[in-house]
Amino acid sequence: MLDIKYIRENPEDVKKRLLTRGDTFGIDKVRELDEKRRALIKETESLKEERNRVSREIGKLKKEGKPAETLIKQMQQVAARIKRLDDEVARCEEALHSLLLEIPNLPHPDVPVGKDATENVVVRTHGEPPEFGFTPREHVALGEMLDIIDFERASKLSGARFSLMKREGALLERALINFMLDLHTSEHGYTEVFPPFMTRSDTFVGTGQLPKFKEDLFKIEAMEYYLVPTAEVPVTNIHREEILREEELPILYTAYTPCFRREAGSYGKETKGLIRVHQFNKVELVKFTTPESSYEELESLTSNAEEVLKRLGLHYRVVALCTGDLGFSAAKTYDIEVWLPSQGRYMEISSCSNFEDFQARRANIKYRPKGGGKPRFVHTLNGSGLAVGRTIVAILENFQTEDGSVIVPEVLRPYMRGLEKIEKKG
RNA sequence: GGAGGGUUAGCCUAAUUGGUAAGGCAGCGGUCUUGAAAACCGCCGGGCUUACGCCCUUGGGGGUUCGAGUCCCUCACCCUCCGCCA
């Protein structure tokens, strides 16, 4: 959520920056409601002052046994006016609030201006695409050939966009989760958490998925709960409605969760395989920082995610999203894209963002500055470190050999009983 | 699922029949001190205001009342007991 005070004082700057996302998102309407609200509040406050003052007098008179009927009559009128005005204020505030909840974050001034993904900017590239002396197979064929992914039976259970991992496939899934969590906790300083996989709707408002993106989520029918589409939701909301101490910042969390996504509006796109599914595993990185250090923390968070790919030996690049491709809550985002030999292109495997105080304002997460002073909103960040399913796609495709077997990256072998190669069974 | 008890500011704790949130700790600033502690003074939930001051704030929402921490309804969470359960 944007700061209403900032909008009031810098309306042109806000509009200009929002326009780089393609719209002004009703900022003029916001300003109109804000002014109306302030005028109404002024009026009710002076009436409330009168009511409080006279009510105290009435109390005094009653104590002294003196009559107060005239004043009480007067105050009945005043109370009625207050009620009418308060209702109007409430309606005004509700309208204003729901407008504000649907306005995306302001892009950071560094973010390249552009209309869509084609205008994202490559920041750096690591490694080289592997060379094959044969035509590389795509992951679906490899998974089925090796009998480690069973898409057919998965769809018997749950329909399209699900997977059934099997044998070395299931082991690889589990190995990757453990490898990533171990790396981030023991070398990058993150604290491991294991959150609930379904949460109340207000946590989704806190991180920005609700109210605007309801159609992306799975809702629990029995209760007002949703399945998490990313660990960002439960983990960022750990500190909702809290005031942290500056001394404990930055707070770094890493969490494994499954992620559940409706993928509405992507019918017909990548219907097969592990790339776009309704349920996938992900290890997430989440940070709470001061405003002064959040952009440094974004760089280190991104490099923490990159380290996973480096150790696996996968070729990738980092791109800075342009304004038109930026997610709703983000001020700045780096996507990490891994090389996909079968398609000769890069595929998003991590998205690392600084939300500045956008989520903190929605979720009311503050910190008390060192040496006292008023609480300020923290800055929140998160990034995938990494999406496990897509990492499996990359491993299968990049480390395949001509006979269809797949070399297991060395760093994963301790997590896979020393297995060096996934081979076709007799 | 059933019964009962609770939620007051960062933390802890008060508030006669309803009369407008009292105090302590922690923290910050100051006096004093070689320095520190102690003691003393001030600040110490949010908003508006140049200022004086005003409004809001007792888990959330609603109601009764001139006036609600206090009475009523409702929701959430915590604790205890019973039932059920991996």
Side-chain angles (χ1 to χ4, degrees), chain A residues 1-10 30-31 33-98 100-101 194-206 210-211 219-220 222-226 233-234 237-249 251 288 290 357 360-378:
Chain A
M1 194 159 64
L2 300 184
D3 183 4
I4 184 67
K5 206 163 167 184
Y6 188 80
I7 295 175
R8 189 183 302 144
E9 286 163 9
N10 308 278
V30 166
R31 294 193 60 208
L33 281 170
D34 180 47
E35 266 177 49
K36 187 178 165 198
R37 175 180 162 271
R38 282 157 65 84
L40 284 169
I41 282 178
K42 226 174 178 178
E43 203 177 340
T44 55
E45 284 197 352
S46 76
L47 284 173
K48 282 175 181 174
E49 187 275 327
E50 184 184 356
R51 183 186 63 184
N52 290 344
R53 180 166 40 77
V54 176
S55 287
R56 274 192 294 266
E57 271 174 50
I58 293 171
K60 219 182 281 173
L61 288 175
K62 288 225 166 177
K63 218 171 233 172
E64 293 164 2
K66 293 179 185 165
E69 281 68 36
T70 323
L71 288 178
I72 290 177
K73 275 245 166 66
Q74 278 177 27
M75 286 309 100
Q76 282 171 347
Q77 307 275 322
V78 171
R81 281 183 64 195
I82 288 174
K83 186 164 166 43
R84 272 201 306 275
L85 277 169
D86 271 351
D87 285 348
E88 207 174 331
V89 170
R91 276 199 302 277
C92 194
E93 269 175 356
E94 205 183 310
L96 181 61
H97 192 236
S98 59
L100 283 173
L101 282 179
F194 194 89
F197 301 156
M198 54 174 106
T199 65
R200 253 181 249 290
S201 59
D202 36 9
T203 67
F204 287 82
V205 175
L210 287 178
K219 187 165 187 284
I220 305 294
M223 291 183 287
E224 193 58 35
Y225 282 36
Y226 294 83
V233 175
N237 279 284
I238 287 174
H239 295 298
R240 185 156 57 94
E241 307 288 338
E242 285 186 23
I243 300 176
L244 306 165
R245 288 176 297 115
E246 181 168 358
E247 289 76 6
E248 55 189 333
L249 300 178
I251 294 173
F288 300 82
T290 61
D357 62 8
R361 185 170 280 110
R362 294 168 80 105
N364 195 21
I365 309 169
K366 296 183 173 177
Y367 74 96
R368 195 175 296 283
K370 266 182 212 158
K374 284 190 185 180
R376 304 167 70 197
F377 287 112
V378 298

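Per chain, numbering begins at 1; letters A, B, ... match sequence-line order. Remember, it's a predicted structure, so these values are computed and weren't measured experimentally.
Position along RNA chain B of the nearest nucleotide to A:Arg200 versus A:Pro375 favours A:Pro375 as the more 5'-ward residue. Nearest-nucleotide positions on RNA chain B for A:Arg53 and A:Tyr225 put A:Arg53 closer to the 5' end.
Chain A approaches RNA chain B over the interval B:rG10 to B:rC77, counting the first and last nucleotide 5' to 3' with an atom under 4.0 Å from its heavy atoms.
Comparing B:rU8 with B:rG24, their C1' atoms are spaced 15 Å from each other, to the whole Å. Taking the P atoms as reference points, B:rA9 lies 15 Å from B:rG61, given to the whole Å. Taking atom C1' in both B:rU20 and B:rC12, the straight-line distance is 24 Å, to the nearest Å. B:rG18 and B:rC72: their C1' atoms are spaced 13 Å apart (whole Å). Look at the P atom in both B:rU13 and B:rU17: the space between them is 22 Å, to the nearest Å. Taking atom C1' in both B:rC48 and B:rC41, the straight-line distance is 29 Å, to the nearest Å. Taking atom C1' in both B:rA76 and B:rG62, one finds a spacing of 15 Å when rounded to whole Å. Look at the P atom in both B:rG69 and B:rA15: the space between them is 15 Å, to the nearest Å.
Of the nucleotides present, B:rG27 is the one that pairs with B:rC43 by Watson-Crick or G-U wobble criteria, both distances under 3.5 Å. Nucleotide B:rU8: unpaired (no Watson-Crick or G-U wobble partner with both distances less than 3.5 Å). Here B:rC52 sits opposite no nucleotide as a Watson-Crick or G-U wobble pair (both hydrogen-bonding atom distances under 3.5 Å). The partner of B:rA21 cannot be assigned: no Watson-Crick or G-U wobble pair with both contacts below 3.5 Å exists in any strand. Pairing for B:rU58 is absent, with no Watson-Crick or G-U wobble pair whose two atom distances lie under 3.5 Å. B:rC32 is unpaired under the criterion used here, namely a Watson-Crick or G-U wobble arrangement in which both key atom distances are under 3.5 Å. Nucleotide B:rU16 forms a pair with no other nucleotide shown, judged by Watson-Crick or G-U wobble geometry with both contacts under 3.5 Å. When both distances must be under 3.5 Å, the Watson-Crick or G-U wobble mate of B:rG1 is B:rC82.
To the nearest 0.5 angstrom, A:Thr199 atom OG1 is 4.0 Å from A:Phe204 atom CZ. Between A:Ser55 atom OG and A:Glu50 atom CD the span is 10.0 Å, to the nearest 0.5 Å. Separation of atoms CG (A:Asp34) and NZ (A:Lys5) is listed at 11.5 Å; rounding is to 0.5 Å. Distance check: A:Cys92 SG to A:Glu35 CD gives 11.0 Å after rounding to the nearest 0.5 Å.
Contacts of A:Lys374 with the nucleic acid, taken as non-hydrogen atoms under 4.0 Å apart, involve only primed sugar atoms and P, OP1 or OP2.
For A:Thr290 against A:Glu246, the heavy-atom pair with the smallest separation is CG2-OE2, 4.1 Å.
Legend: side-chain hydrogen bond (donor to acceptor under 3.5 Å, both in side chains) pairs involving residues 75-90 of chain A, not counting sequence neighbours, sorted by first then second residue: A:Lys48-A:Asp86.
A salt bridge between A:Glu49 and A:Arg53 is present, with a side-chain N of the basic residue lying under 4.0 Å from a carboxylate O of the acidic one.
Of the residues in residues 68-83 of chain A, those placing a heavy atom less than 4.0 Å from an atom of RNA chain B are A:Ile72, A:Met75, A:Gln76, A:Ala79, A:Lys83, in numerical order.
Checking each of A:Val205, A:Asn364, A:Thr203 against A:Arg240 for a side-chain contact (heavy atoms from CB on, under 4.5 Å) leaves exactly one that passes, namely A:Thr203.
The shortest distance between side-chain heavy atoms of A:Leu71 and A:Leu61 falls below 4.5 Å.
Heavy-atom contacts from other residues, nucleotides or ligands closer than 6.0 Å to NZ of A:Lys60 number 12 or fewer.
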